[in-house]
Amino acid sequence: MYAQVIVDVPTMQTNQPYTYHIPSLFSEALIRGMRVVVPFGKGNRLVQGFVTDISDTTDQPDKLKDISQIVELEPVLNDELLQLATWVADYNFAFRISVFQTMLPNVMRARYSKVLRLIEPNELNHLPQIQALFADRDEVPFDVDNVDMTLVPTLLKLQKKRIIEIGYVVNNRAKVKKINAFKPIKSVDFYQEQRQQLRPSAVKQARLLSYLMQSPQTFVPVKEVIKSYQLDYAVLKQAEGKGWIVQKPLESYRIPKLSTPVKNSQPLTLNAEQQEAYIAIANNISENDTKTFLLEGVTGSGKTEIYLQAIAKALSEGQTALMLVPEITLTPQMVRRVKSRFGDDVAVMHSGLSDGERYDEWRRIQRSEVHVVVGARSAVFAPLKNIGLIIIDEEHESSYKQDENPRYHARDVAQWRANFHHATLVLGSATPSLESRARAQKNVYHLLTLEHRATNGMLPETQVVDMREAIKHGGDDIFSPQLIEAIQNRLTKQEQIVLMLNRRGYANFLVCRECGFTPRCINCDVALTVHKDISRLVCHYCGYSETIPTKCKNCGSTRIRQFGSGTQKVAEQLSEQIPQARVIRMDVDTTRRKGSTDQLLTAFGNHEADILLGTQMIAKGLDFANVTLVGVLNADTTLSLPDFRASERTFQLLTQVSGRAGRGDKPGKVIMQTFNPDHYAIQLARQQDYEAFYHQEMALRHAWKYTPYYFTIQIKFAHEKIDESAKAAYEIANWLKNIIDNETIMLGPATGTIPRIKNKYYYRLVIKYRHDEKLIQALGSLIKKGQQLQKQGITIIIDREPINFM
DNA sequence: AGCACGCCGACT
DNA sequence: GTCGGCGTGCTC
């Protein structure tokens, strides 16, 4: 028997499986999709691999090596996921091994280590240092911490002489958590008798015996009983010794907990619009028809309730459901809502989990112990079987696209899985991506619209404030008088306020008033951002930081001015101008710690603060009935980005954040401060008119030949030297020119928007095409070439349908 | 990554 | 004539 194995060798990736011989010992147990350990290369060093196929013949039976080990008894990838991995790898020009690694919990990624084994101990007599290293052991770890690197040449010589050998070890980090449990093994009468014989002072033993008389006959965790019956470990140990009970370690799941307990909830009554959308989705679930719905509903229109009832429908059909939500910000809130409806039948998967929690949630799904999965992007690979429904909430969110290899889009993966399972796919958003909305236009997707808020509330009234005017009349560039007045008005009414600005840190950057010098990052071509709380200038691209200078480094002047304002500075200004307001600041800096997002939001929900001030992470999903005012301090920062999606992003962000206002029975108001009051993205966001925006933006995309009229691919080249990176870019561009279709458009090569990041210089190439099979094939071969170029220090990144043009 | 092969210069 | 420098290429 022979197995096809995709091996995990860092830096030597290939999509080609290697054939291994299956020793007869494993021939029964080995199944496709399992992890194995195989010898690889001249030194037969051991690496992890995934079995993608098993066959009983091979065309090269002589030179094959044996599989060394099977990692676990169950396959970690089923046939669906194996097929999906191949598709994801090919579609995104990635390697299958890296797809396997993204599909599986982190702990399944092998860690490799080396050991030194002593073969001929007597040969070391004249080498005291080596003897000391082994110190009577015959195997020691071989790494920097353990072995003095100056000994390495000697060790290599000894290895040649077969006095010692270097062994490779594959460490499996997937560990199951065990807790101690026990159960009674004697009769109730026996315990009764023992109890009567106890001396009166043996209180704890007496308590244990009373417990045992009425305890269940199954294993119960030791810890729980000790706590509720005030016992201790010693008593149980003693009881075990006397043969009263047996103890054994029991497998236990690490289930992620929310900061506060989840209350149960019941389905809400749907209004007419919701009902119509729900029926369409529910009927499709019953019919097991592969269909994609685009649920376009204004903010607050009750999309989540439709999702929950649709999930219930899938469950009632005996099927499972997968729901994707954007990364962490709103995950706790959404997880809470789903768990409140489906309880323990829900597994969650997002980046906030520890490795152990993630592994255990994955196993609960794998073992079909849960039927509902809620999670961020990578949850789209959850090993659910018999999927009836996949939901992607806020489908326009850019976090659904992974910005490292494999650069997959969760929407594409979801579509593939929906096809595979004949499942219903629901894409929901108040502001769908143009791609999705255009597909609905062409009837590829079925459009369902919700035009009204679920609670009959009105959409908030929106006012655009021209900051050029505000400044002309002597105002500052952070708060217009209109906004200050509105904030004060809500404070007196005990109502809450959400303020968004798109910039973390304190000030944007420093400028010397004498010479115009701005401190820049030493690794990247960007200005450093002032962070006042830690008194440092910080690079938001690589994390480099330095102290805030008091004198200009260029001319020595002390006249340094801070330009622009970040969340820190605005929070400070706010406490000066409106001292009575209690403010919660929410940005990457205050939410870095695990669970802090949930904590901050819970505090705001309990009205422990009046104002929630944050970056765009607060724009999405928040649902607080008492928020009646939303202020956008700089509505246009995202507009000036050099990206064809800048208008779309701005429109989505403004619409989303506006939707935070007036979700309860009190009317909401939105104030947008901008220097571009007439821009269509801002004007149409003010009117909350998605359809008008869609039509206007589509016309521009058509004129400029961009998505969704054309497909795009971006190729990036990075090298420490600028001319090397340019050379690679031009070489590849010239090669591609001769291959691509006549109608395909190639832009560049040009330097990246930020030419240097983390000391690497970037060049890029943007390709726009409609149908170009040759191009796709060429790029498939380019990833092989990329492996060779990597050795010369050149990194090639191929990004299909890129979301960021950097 | 890591190991072998191979082709060239410095040395016993 | 041999040892060892690291450039190149392959790994079932």
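These numbers come from a predicted model, not from an experiment.
C:dC10 atom P lies 12 Å from atom NZ of A:Lys63, rounded to whole Å. One interatomic measurement links the two molecules: CG of A:Asp66 to P of C:dT11, which rounds to 18 Å at whole-angstrom precision. Rounded to an integer number of Å, the gap from A:Leu64 CG to C:dC12 C1' is 6 Å. Atom pair A:Phe142:CZ and B:dA1:C1' shows a separation of 14 Å (rounding to whole Å applied). Atom CG in A:Leu46 sits roughly 14 Å away from atom C1' in C:dC12 (whole-Å rounding). Regarding A:Ile22, its CD1 atom lies at a distance of 16 Å from the P atom of C:dC12, rounded to whole Å. In this structure, CD1 of A:Ile54 is placed 16 Å from C1' of C:dC12, rounded to the nearest angstrom.
Among the protein residues, A:Phe40 comes within range of the nucleic acid bases, having at least one heavy atom under 4.0 Å from a base atom. Among the atoms of the strands shown, base atoms are found under 4.0 Å from some heavy atom of A:Gln16.
In terms of modelled atom types and a separation under 3.5 Å, the side chain of A:Arg173 and the main chain of A:Arg111 share no donor-acceptor contact. Of the possible donor and acceptor atoms, none in the side chain of A:Gln83 sits under 3.5 Å from a partner among the backbone N and O of A:Glu80. When atom types are taken as modelled, the side chain of A:Lys385 and the backbone of A:Gln366 share a donor-acceptor pair closer than 3.5 angstrom.
Using a 4.0 Å cut-off, some side-chain N or O of A:Lys65 falls inside it from OP1 or OP2 of C:dC12.
A cation-pi arrangement is not found for A:Arg96 relative to A:Phe100, the charged atom failing to lie both closer than 6.0 Å to the ring centre and inside a 45° cone about the ring normal.
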Protein N or O to nucleotides 2-5 of chain B N or O, pairs below 3.5 Å:
| unit_1 | atom_1 | unit_2 | atom_2 | d |
| --- | --- | --- | --- | --- |
| B:dC3 | OP1 | A:Tyr168 | OH | 2.5 |

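A:Asn405 and A:Ser98 share no side-chain donor-acceptor pair at under 3.5 Å.
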For A:Phe40 and A:Tyr168, run ring-ring contact (aromatic ring centres under 6.0 Å, His included): C-alpha distance rounded to whole Å, both residues' side-chain angles, the deciding distance at 0.1 Å, then the answer. CA-CA 11 Å; A:Phe40 193 78; A:Tyr168 301 93; over 10 Å; no
